[in-house]
Structures are given as structure tokens and as C-alpha cells.
Amino acid sequence: VDRVVASAKKVLGDKNVFEIPKRMTSEDFADFTTAVPASYFNLGTGTVGSDHRPPLHRSDFVIDEGALKYAADAIIQYLLDV
């Protein structure tokens, strides 16, 4: 996780990478981590300045597709760093 955070901060900046409080999330990802080491991150995909931010899996969810570039940048940077 520390290496993922460091790589993400290189491309996204310190202020844009932070730890969120632990919470109960319905996700099968934890099962994969029993087989291989893994790290999980959330990506903000809302439009800055918009108050309309419905969660995933709702019919009115709208992703700001420009956010996907930042996820790709962070993952690529991690791959370059390891």
C-alpha cells in the first residue's frame, strides 16, 4: 500500500492522495487478497463544483470520464516504480 500511495502522489500530488476511514463496503476484492498481495484504491469521479454526486449502481450516476486518466496515470506510475 505504501508503494501505491507513493506512486500515486508522484502523478496526482500529495493533496490528492489520502487515506479514507475504514468502512464496510460490499466488495469481493478482499477474497483476491488471500491469494496474492494487493492494494485497493478509490477514485473520485464526480465533477468538481457539482452537488449531484449519486453513488455507483444508481441510474442517475454520471462519471466524469476525464477522471479515468488519473487512475491510469497512477497505475502506470506504480508499474514503472516497481
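Just so you know, residue 1 is the first one in the sequence shown, and it goes up from there.
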#### Entry: Nearest heavy atoms of Leu43 and Ala71, plus distance in Å
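Closest heavy-atom pair between Leu43 and Ala71: CD2-CB, 3.5 Å.
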### Task
Mind listing the closest non-hydrogen atom pair of Ala67 and Thr45 along with its distance?
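The pair with the smallest heavy-atom distance is CB-CA, 4.0 Å.
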Does [X], at its [atom1] atom, have more than 12 non-hydrogen atoms belonging to other residues, nucleotides or ligands within less than 6.0 Å?
X	atom1	value
Asp2	CG	no
Phe29	CZ	yes
Phe61	CZ	yes

So if you build clusters from Ile, Leu, Val, Met, Phe, Trp, Tyr with side-chain heavy-atom gaps below 4.5 Å, do [X] and [Y] land together?
X	Y	result
Phe32	Val4	no
Phe18	Ile75	no
Leu12	Val1	yes
Tyr78	Phe41	yes

### Task
Taking atom types as modelled, find out whether Ser7 and Asp81 have a side-chain donor-acceptor pair closer than 3.5 angstrom.
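Side chains of Ser7 and Asp81: pair found under 3.5 Å.
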### Heavy-atom check, side chain of Ile63 versus side chain of Leu68, under 4.5 Å
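A side-chain contact under 4.5 Å exists here.
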### Query
In Å and rounded to the nearest 0.5 Å, what is the CG to NZ distance from Leu80 to Lys10?
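Reported to 0.5 Å precision, the distance equals 8.5 Å.
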### Query
At what distance, to the nearest 0.5 angstrom, does CG of Asn42 lie from CD1 of Ile20?
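Atom-to-atom, Asn42:CG and Ile20:CD1 are 4.0 Å apart.
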